[in-house]
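Worksheet: one structure, shown below.
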Amino acid sequence: MEYNFKEIEKKWQDKWYNEKSFKAIDFHPTKPKYYVLYEFYNISGNLHMGHLKGTIPADALARFKRFKGYNVLFPIGGDAFGLPAENAAIKTGIAPHDFVANGMKTVLDQSKRLGLSFDWDRTICTSDPEYYKWTQWIFLQLFNHGKAYKEKTKVNFCPHCKTVLSNEDSQGGKCDRCGNDVVQEVRWSWLLRMREYAEKLLGNIDRINMAENLKEAQRNWIGRSEGTQISFKIYNNKDENVGTLQIFTTCVETVYGITFVALAPENSLVDTLKPYITNWADVEEYRRKTALRSEFDRLSDQKDKTGAKLEGLYVVNPANGRKVPMFIADFVLAGYATGAVMAVPSHDQRDYEFAEKFNIPKIQVIEGDTSKAAVEKKEYLSKNSKMLNSAEFDGMPVREAKQKIADKLIEMGVAERKINYKMTDWAFNRQRYWGEPFPIVLCEHCGEVALDEKDLPLVLPRVKDYMPNEKGDSPLSKAKEWVECICPKCGRPARRETDTMPNWAGSSWYWLRYVDPHNDKALADFEKLKYWGSVDCYTGGTEHITRHVLYAFFWQNFLYEIGAVPTRDPFARKMGSGLILDSEGKKMSKSSANGVSPLEVIDKYGTDVARLHVHFLGGYEDNTPWTYDGINGITSFIDRVWSLQNIIKGDDISKEHIYELSILNKKLCDDYENLKLNTAISALMIFVKKIKEDGFITREELRQFLIFLNPLAPHITSEMYERVFNSEILDQTWPEYDEKNLVKSSVEIAVQVNSKIITKLNIDTSLSQQEVLDYVKQDEKIKQAISDKTIVKEIYVPNRIVNIIVK
RNA sequence: GCUGGUGUGGCGGAAUGGCAGACGCACGGGACUUAAAAUCCCGAGGUGGCAACACCGUGUGGGUUCGACUCCCACCACCAGCACCA
């Protein structure tokens with residue numbers, strides 16, 4: 001009889017769903033816990049091929065671990081706030097609430113069709129007030145612990161959409177929604193003190209099991225750098241001290257080579273020094289011009305250095321008393337360190353270019369050829385060159401001078417050792433409707449006032465107009481009844497904060513909620529959090545992985561410190577799934593309309609085939625081009641599996657198959673654990689090939705094989721198990737194997753003379769090294785090859801190779 | 001530019017320092033069939049040879065080793081992330 005995948009797959013999917021087959025049990029009395037997490041679905045439409053690639057290995061791991069006797073938590077939920085629902089609302093007028101409700105239903109139904117073994121009772125959605133109550137609660141804690149503050153900062157703003165955008169939504173200086181140019185504006189912003197957590201985040205990164213390139217990207221984002229901060233006294237043209245300039249440097253060894261200093265044009269110190277600047281008009285003009293250029297423009301022409309001299313001012317280099325001119329220049333970033341640099345044109349490419357343009361002298365302080373370009377730190381440090389023109393440090397190796405010069409400046413009281421980070425505090429508000437409202441009241445008398453916990457959730461009011469107004473105020477500002485309120489502190493009329501939280505908020509703690517998704521007393525019960533602990537394996541795409549994981553680390557650290565959760569590390573292991581590319585090797589996306597839907601594949605070939613095919617194409621972390629090529633091979637494999645029930649002969653494991661079955665068992669344990677599904681599938685195919693060759697399979701062999709294949713192809717294996725064994729495959733445990741069965745009784749080895757293969761011989765695996773060597777030397781071809789030569793060395797790698805070295 | 005990763009047949013891709021190319025696709029040949037599809041069997045890295053066989057082969061060039069896709073050094077190409085971070 002033929003395998004009818006449509007009927008059979010539906011039967012099992014309904015059964016699993018209705019019987020809650022994959023329910024995770026809190027505090028299971030006997031089984032150890034295992035927490036498998038797949039990233040939130042972004043609620044925007046249908047599942048795509050990336051989901052098939054990303055979810056199946058997690059599902060296979062979850063199913064495998066259940067057989068292995070674990071109490072597995074494998075939940076799913078939706079990230080529903082943000083752009084997709086809001087855009088749909090603006091375009092069609094559908095309330096985002098409805099868009100999300102439909103969207104959730106769609107992705108959950110489709111997940112069911114992928115045969116995913118989620119615990120459906122724990123499904124959560126970020127835009128559900130029961131969920132965002134706790135997102136708001138976390139914000140309240142941050143605010144009450146001084147980790148959230150409001151400040152005027154520069155933000156990306158799209159004049160067309162009239163909304164603020166994150167850096168990510170405005171890459172390349174273009175608005176991600178409409179493609180128009182983004183401008184920078186100063187606005188009131190909510191910020192979270194993430195920078196304070198830099199060292200703790202680096203600790204999280206060290207402890208997590210994650211691919212090295214992903215870890216590197218995160219360290220790079222944090223951008224830790226060790227150096228020295230030096231104070232330079234500022235003088236006016238009457239040689240009066242009028243201020244101090246703090247400058248951070250990682251190259252303190254070049255301090256004798258400073259020939260100018262440069263400040264970011266936006267640096268507020270420039271305003272303070274205005275009375276002493278004799279060419280203020282020029283300075284103001286330059287500041288105005290740079291302010292007009294977008295950040296993108298400034299970054300794009302790195303070659304052309306511009307700036308303006310601050311006439312009437314100079315600073316004194318504390319190392320040698322040299323008077324040094326001051327500039328403002330847009331190559332200096334206002335946001336990093338003190339927003340000022342000490343410039344050493346001989347040893348820094350940017351300083352070199354600037355000095356060339358403004359005819360500033362160069363003082364070489366480290367040996368090397370500086371005739372055409374600067375000798376950079378990397379070069380002189382790796383060669384460990386010697387110092388020049390640096391007073392008592394002349395002739396000293398750079399490495400040593402680096403320490404000694406810093407020591408000297410510190411002793412003089414003009415410097416301190418310092419660590420800087422590129423990572424800034426997290427800008428946490430958007431002028432958008434579809435996000436979590438801040439639980440904050442703005443009172444003229446009391447400032448920003450937190451709501452009381454008992455007033456949470458602060459529910460997002462229904463509105464009709466989802467667009468920000470002309471000034472770019474949040475759409476919520478139009479919801480008068482909601483906005484106008486009473487200050488909880490002084491009782492006078494006040495207004496609510498009308499900005500909402502960014503899309504990242506809800507996804508920065510959701511793994512904690514799965515542990516106890518319906519709790520209305522706490523974000524999750526502490527004892528349950530303790531039981532489930534860190535996520536054992538967290539899977540998902542790599543697209544936003546750097547920031548998402550850092551935000552997750554940040555919040556978990558904070559929650560740990562205030563005693564809300566029992567662990568500092570949210571995830572023990574994070575796997576980043578590769579992309580499914582189109583046939584031209586480009587990313588599959590909805591916008592480029594080249595996507596093949598996983599549902600389309602499932603309709604045509606069935607879920608089991610689709611699951612196997614996608615993962616036979618390549619490894620979990622690799623990008624693999626999509627193709628239907630090869631899917632026939634998978635279909636025929638599934639058909640061959642189905643036909644195994646026709647050739648059952650015997651009960652126990654046969655001596656003919658004990659080796660193959662044991663090897664397969666071991667291989668699959670490794671591969672499921674490491675999400676290496678492509679080689680797992682290959683091993684399963686090899687086994688079926690062997691069975692087909694021999695023409696029979698025993699009942700126990702088939703029983704074990706079905707369990708082995710079940711994590712990958714759960715439907716067909718469940719059906720066959722029921723038919724042949726009249727019981728539920730999910731109630732079975734993973735079969736044990738005996739180590740001694742991993743070795744065949746005889747094996748073919750290659751025999752080499754002088755590393756060249758002469759012949760291949762079958763040997764008994766119980767033979768000792770000497771017995772093998774003796775046996776091999778009786779072979780005619782080997783005899784010939786070593787005749788009238790002396791044996792210098794004999795090598796035997798058990799069950800693999802013999803190599804006889806002769807002279 | 002910096003950082004990380006990857007380079008293996010016609011294609012997707014396998015290989016704890018030990019017989020490179022597992023497994024699969026596509027391909028060629030055969031069986032079954034009136035025929036085709038499906039299925040089953042056989043073949044296959046390249047070059048030369050009827051053949052046994054020989055030589056060459058894991059981006060390039062060197063090195064370590066009895067032995068290197070695997071380890072080390074240099075270089076090239078591609079992919080990803082970051083990018084005036086002082």
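Within every chain, numbering begins at 1; the chains are lettered A, B, ... in the order of the sequence lines, protein sequences first and strands thereafter.
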Can you tell me whether the side chain of [X] and the base of [N] have a donor-acceptor pair closer than 3.5 Å?
X: A:N803; N: B:rC66; answer: yes
X: A:K305; N: B:rC84; answer: yes
X: A:K760; N: B:rC19; answer: yes

Paired with [N]: which nucleotide, if any, by Watson-Crick or G-U wobble criteria at under 3.5 Å for both distances?
N: B:rG17; answer: none
N: B:rA35; answer: none
N: B:rG1; answer: B:rC82
N: B:rA74; answer: B:rU60
N: B:rA26; answer: none
N: B:rU65; answer: none
N: B:rA44; answer: none

(message) Taking B:rC69 as the reference, what is the distance to B:rA15 when you measure between their P atoms (whole Å, please)?
(response) 15 Å
(request) Return the minimal non-hydrogen interatomic distance between A:I638 and A:A713, and the atom names on each side. (result) CD1-CB, 4.4 Å
